[in-house]
Structures are given as C-alpha cells and as structure tokens.
Amino acid sequence: MIDHLRYTTWALIFIFAIVGGMSVDKHRRLSRVLRILAYTIIWIYMIVYSVIYGVVAFDRIQIMFVVLASLASLSISLYSEGYFRTLFGKASSLQTIIDSSLALLIMFYTAYNLLELTILWIAIEITGFLLIMIERGTVLWNIGMKYLIICATAGDTSLFTWIGVEAQKIGITNALLADFSTLQAYGVTAPHVITVLLVIGFLAKLAQIPLHIWLVDTYAEAPPVVTAIMSGLMSKMGVYGLLRIYNTVIVDKMLFMTILLIMGAVTIIYGSVMSAAQTNVKRMLAYSSMAHYGIMVILLSLMPVINYVKDLVIFYALYHGFVKTQLFLNTGTIAVLANTFDTRNLGYLSGVTPEIYNYIVIGVTALMGLPPTIGFMAKALVIITVLDLLKYSILESIILIVSVGIASIFSIVYSVKYLGCYIGYPTRRVPRPALEITSLQKIGEIIPAIAVIALPFTMLPLISFSSAINILLIIHILAPVSYTHLTLP
C-alpha cells in the first residue's frame, strides 16, 4: 500500500529543511520556524495517521529512533546556525547541507520497506561525504574517501545481500516493496556466509574492529556539528539495520552471536583505553563513541537468548545519541571560546560560560552513568542484563562483565578529563575568549541535556523489565536533580 500521507510528510520535511537552510541569513525567523517544523512534523503525521486509520503509523523500533532523530536534529540545526554565523559571518550554504542531511535521517528511520531504506542509506552516505568537507574543503578529501569507501561499500554489500536473500524466496518486487512486518512473516533463512555479509555493513557503520579505521580521523577532523550528526544520529543507522536484519531474516544465530560478541568486546576495550589516553577533546570523544558502539553490538549479540535486549539496545542508542550530540556540539563551543581542543590548554571555561558549564555537568554525568540521567538507567539495565545472562552462558557473561567493567572504569577517567576542560586549570585569570557564543548555540546544547534527564520517564515503560524499572525510576526521582557541588550559581 502506498502511504500518500507519509510521502507528503516526507516532502514537507525535505522542503522545509532546504528552504529553511537557504533562507537562514536573509529571513532568520522564517528559517527557524521552517526548520522547527521540518523536525517536528513527523509527530503530526503520526497523530493524523492514527486518527484516520485507527492504528499506529510506526512500529516501536521506529518510534524510539524518531524520538532521537527529531530532537537531536532540532538541536543540531539550531546550534549550527549560530556556530557557522560566528565563524563565517553567514550560514546559508552550509546550513542547507546540514538540514538536508538531518531531513534524510528522519526519513530513513521512518522508511516502510527495503527499497526506501536502501535509497535513503545511499543518499545519507553521499551527504556524509559532503558533510566531512563542509568546513575545510578538499583538505579532508582523503578522510572523506576513507569514510565513503569503508562505510558505503560495506553497507551496500549488506543491503543488497539482504534484498537478494529476500528476492530469492519471495521475488524482487515483494523483497523491495513489502513492509518489514511482512518480511518477518516470510521467514527467509540465511546460511553461514550470507549471515556474515548481512551484518558486515552495519558493523562497519558502528566502527567495530577491524572496520574502525575510518572513525577517529573522521570524528576528529570534521566540524563539530558534523561529528554530532555522525555520532548522535548516523551511527545509529548501524544499530537500526542490525535490529531489522535480525527481525526479518532467520540468520545463523550462533555465528551471529559469535561475530558480534567478539567484535563488540574487542572494540569496547580498545575504544575505552584509547579514549582515556587522549589529550584532544574530539579524539577522546571519538574513541569513547567506539566503546559505546561496542556495548550496543555486544548487547545485540544477546538477542537470540534474552528477549528484552532489543528494547535495551534501542534505549542505549537513545542514551548515547543524546549525550554525544550534546558533547560534540560542545566541542564547537570549546573551539569558539578557546581556539583549541587540547585539554592541557583548557580548564577555565566555566568562568567564560557558566550557563553552558551547568548543562555540561549533566552531559558528563550521563556519560559516567550517574543518576539522575539516562546514562544511569542505561548502564544499570546493562548490569541487570549481565546478571540475567548468567542463566544462559557463563562464558558470555564473563566476556560481557569484563568488557562493560572496563568501559565503566575508563568512562569515569575520560569524563572527568572532559569536565576538566571547564574547571581543571589552576588560574585566577580567565583568558579572553576567541569569539562569543550565540544564544542558538546555547539552545542547541540545552535540548539534549534536558532530554537525558527527562527521557527515562517516557522511554523506560516501553522496556519489558517490570519490577527492575520501578526500582530504577525511584532512584532516578530521589537522586539529586542538580549537583550543587559541581554546578555554578
């Protein structure tokens, strides 16, 4: 069935995003209204669809990713306007590419079938290549090509293998046009080699070792706004793809679990250790992202044995998406204020921008996994999962315990180091900032900071945990909402 209402909504999203980006310098208020509409109209579509047809427009997987995509896109779009105007005096040409990419991401997470998913995946990879070079041009050509070759080639391999496996049993037309629930009902089986081909592209998107060589240079050298898109939103395409593959194709479960478990564990350890060793803020967050992707992958490997893990993976993806959106945007603020990403030359920023610092405390607290943030909920649920896994496999439990334990310890190290950019430098004199940050940049950082506090109340009831959820919510409520010993008056 062709959903004309959804295609109309997609058209409006893309038009509002493009026109809003193009008019950002000449008609600032109109531009902001259009871009806000672009990233919130999908919710209007869902309400109208449910009224007209009496059913929910999207499944639970899509709804959760739409929450992330719409809020993070709004945050990034507003921040980028202020960021580019501060650096270059105008924003329109760059803003158009940013907003068109964000619109494509929202469309990707609401795709109905494999045809739409594949087209949007390819389009996003191309725009990702452009985004990398958006600020420094062909200086980053080699980094952009490395990203495009590894992610696009591996991703296309998995997508076309997926289409081929489905088409072999149900025909090419049904394979391309059937919705995901229909594909699940067909019960297509994938043998050993096909299982590897199906997952390899999505693991490359998540920079799992040895498919990680594109990530650190890309995240470190691309503009902060672009890195926020890549870490906060584009990386989640890999998680989304693996969830869809597992739901629609009967893979070789033992091979699926083994590949994801080993690659995830190695990536967690490598990313955590390397992150703590960095002095460049962006490289530190890049390696940290690798470690978090590893946790998501290792959780995905448990889907054959623990039913609720699918919900936990999505919840963890939301946690990481919002936290890294905020922190990577904040690296743009650090660059504007201090003109450096070197932690050894920072430490005074709380004196320059105390209002941003107070929200950074929330982001860093979430990164460490402390209450009252979504990070505490996500990491507590991972620990509960580890304990549950003991009933099924001692070996996998040990691997998970060691990996998550290392990740948790080193997350405290690099989180404290990041916080040290604001309060760690022992000087009484606050240096004059290189440039001033705008109110739009502040709003862009505040939105995800609020989300990491508020989302547990709305997202956790969707996870099948019952009593454990109630206990965590009580802790969340009773935990201090503001860390008075860290925040500034």
Side-chain angles (χ1 to χ4, degrees), residues 61 111 113-122 125 146-178 180-215 235-268 270 290 293-294 296-306 309-310 313 392-393 395-396 399-400:
I61 295 176
N113 53 41
L114 265 177
L115 178 62
E116 295 173 359
L117 193 78
T118 303
I119 292 173
L120 288 167
W121 178 287
I122 294 171
E125 292 295 3
K146 183 164 60 174
Y147 158 81
L148 191 64
I149 291 170
I150 295 175
C151 285
T153 302
D156 291 351
T157 298
S158 290
L159 286 168
F160 288 115
T161 300
W162 189 3
I163 294 171
V165 167
E166 298 286 355
Q168 189 176 20
K169 181 173 182 180
I170 64 177
I172 187 65
T173 301
N174 286 331
L176 290 173
L177 301 180
F180 295 114
S181 60
T182 302
L183 292 179
Q184 184 176 1
Y186 283 125
V188 173
T189 303
H192 302 302
V193 177
I194 301 301
T195 295
V196 176
L197 293 176
L198 285 172
V199 303
I200 198 72
F202 304 114
L203 292 173
K205 192 69 176 175
L206 290 165
Q208 297 301 284
I209 294 174
L211 304 171
H212 68 293
I213 58 174
W214 64 271
L215 182 137
S235 65
K236 307 309 176 289
M237 294 165 62
V239 176
Y240 184 82
L242 288 169
L243 286 167
R244 287 296 186 199
I245 285 287
Y246 188 80
N247 283 343
T248 57
V249 180
I250 302 174
V251 296
D252 183 320
K253 292 185 178 180
M254 184 56 67
L255 184 59
F256 179 87
M257 291 177 65
T258 302
I259 292 173
L260 270 62
L261 186 67
I262 293 173
M263 293 180 73
V266 173
T267 305
I268 289 170
Y270 176 78
M290 277 186 63
Y293 300 158
M296 286 180 253
V297 167
I298 210 171
L299 289 173
L300 285 163
S301 74
L302 305 180
M303 288 192 294
V305 294
I306 302 179
V309 162
K310 295 177 186 178
V313 169
Y392 304 100
S393 172
L395 177 60
E396 291 179 3
I399 294 174
L400 194 57

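Side chains included, hydrogens not; waters and symmetry mates left out as well; all remaining heavy atoms used.
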Please list every donor-acceptor pair under 3.5 Å in which a side-chain atom of residues 148-155 meets a protein atom from a residue at least two apart or in another chain.
from, atom 1, to, atom 2, distance (Å)
Thr153, OG1, Ile149, O, 2.6

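Considering every non-hydrogen atom in both Phe256 and Leu300, the closest pair reads CE2-O, 3.5 Å. Nearest heavy-atom pair across Leu177 and Asn113 is O-ND2, 3.4 Å. Across every non-hydrogen atom of Ala111 and Leu117, the tightest pair is CB-N, 3.9 Å. Across Ala204 and Trp214, no two heavy atoms sit closer than the pair O-NE1, 3.0 Å. Nearest approach of Thr248 to Glu166, heavy atoms of both residues: O-OE2, 3.4 Å. When all heavy atoms of Met303 and Leu242 are compared, the pair lying nearest together is CE-O, 4.4 Å.
Here the CZ-OH distance, from Phe202 to Tyr246, works out to 16.0 Å after rounding to the nearest 0.5 Å. The distance from atom OG of Ser301 to atom CG of Leu260, rounded to the nearest 0.5 Å, is 6.0 Å. Between the CD atom of Gln184 and the OG1 atom of Thr182 there is a distance of 9.5 Å, given to the nearest 0.5 Å. Rounding to the nearest 0.5 Å places CG of Leu115 at 4.0 Å from CD1 of Ile119.
Under the 3.5 Å distance criterion, the side-chain polar atoms of Lys310 are left unmatched by any main-chain donor or acceptor of Leu243. Side chain of Trp162 to main chain of Thr157: no donor-acceptor pair is present (N/O by atom type, distance under 3.5 Å, no hydrogens or angles).
Residue pairs meeting the salt bridge (charged side-chain N to carboxylate O under 4.0 Å, His left out) criterion with at least one partner in residues 236-257, sequence neighbours excluded, are Asp59-Arg244. Within the structure, every pair that satisfies the side chain to side chain donor-acceptor pair (under 3.5 Å) test and touches residues 255-268, not counting sequence neighbours, is listed here: Gln208-Thr267.
Legend: residues meeting side chain to side chain donor-acceptor pair (under 3.5 Å) with Ser158, ordered by chain and number and at least two apart, are absent. Applying the side chain to side chain donor-acceptor pair (under 3.5 Å) criterion to Thr173, with sequence neighbours excluded, gives no partner residue. The ring pair (Phe, Tyr, Trp, His ring centres under 6.0 Å) check on Tyr240 picks up Phe65, Phe108, Tyr109, with sequence neighbours excluded. Annotation: side chain to side chain contact (heavy atoms under 4.5 Å, CB included) contacts of Val196 (sequence neighbours excluded): Leu255, Ile259. Not counting sequence neighbours, Phe180 has no partner by the ring pair (Phe, Tyr, Trp, His ring centres under 6.0 Å) test. Taking Met257 as the reference, Pro304, Val305, Glu396 meet the side chain to side chain contact (heavy atoms under 4.5 Å, CB included) condition, with sequence neighbours excluded. Residues forming a side chain to side chain donor-acceptor pair (under 3.5 Å) with Ser235 (at least two apart in sequence, or on another chain): Tyr293. Thr189 is linked by a side chain to side chain contact (heavy atoms under 4.5 Å, CB included) to Ile250, counting only residues two or more places apart in sequence or in another chain. By the side chain to side chain donor-acceptor pair (under 3.5 Å) test, Asp156 pairs with no residue at all, sequence neighbours left out.
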Please walk me through it: do Tyr147 and Leu215 pass side-chain contact (heavy atoms from CB on, under 4.5 Å)?
CA-CA 7 Å; Tyr147 158 81; Leu215 182 137; over 6 Å; no
Worked check of side-chain contact (heavy atoms from CB on, under 4.5 Å) between Ile172 and Ile163
CA-CA 8 Å; Ile172 187 65; Ile163 294 171; 3.8 Å; yes
Candidate pair Ile268 and Val297, rule side-chain contact (heavy atoms from CB on, under 4.5 Å), full reasoning
CA-CA 10 Å; Ile268 289 170; Val297 167; over 6 Å; no
Starting from the C-alpha separation in whole Å, work towards a yes-or-no answer on side-chain contact (heavy atoms from CB on, under 4.5 Å) for Asn174 and Leu183.
CA-CA 9 Å; Asn174 286 331; Leu183 292 179; over 6 Å; no
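Side-chain contact between Leu206 and Leu211: absent, with no pair of heavy atoms (C-beta onward) separated by less than 4.5 Å. In this structure, Val249 and Ile194 have side chains that are not in contact, with every pair of non-hydrogen atoms separated by 4.5 Å or more. The closest side-chain heavy-atom distance from Leu302 to Leu400 is below 4.5 Å.
By the 30° and 60° cut-offs, the orientation of the rings of His212 relative to Tyr270 is perpendicular.
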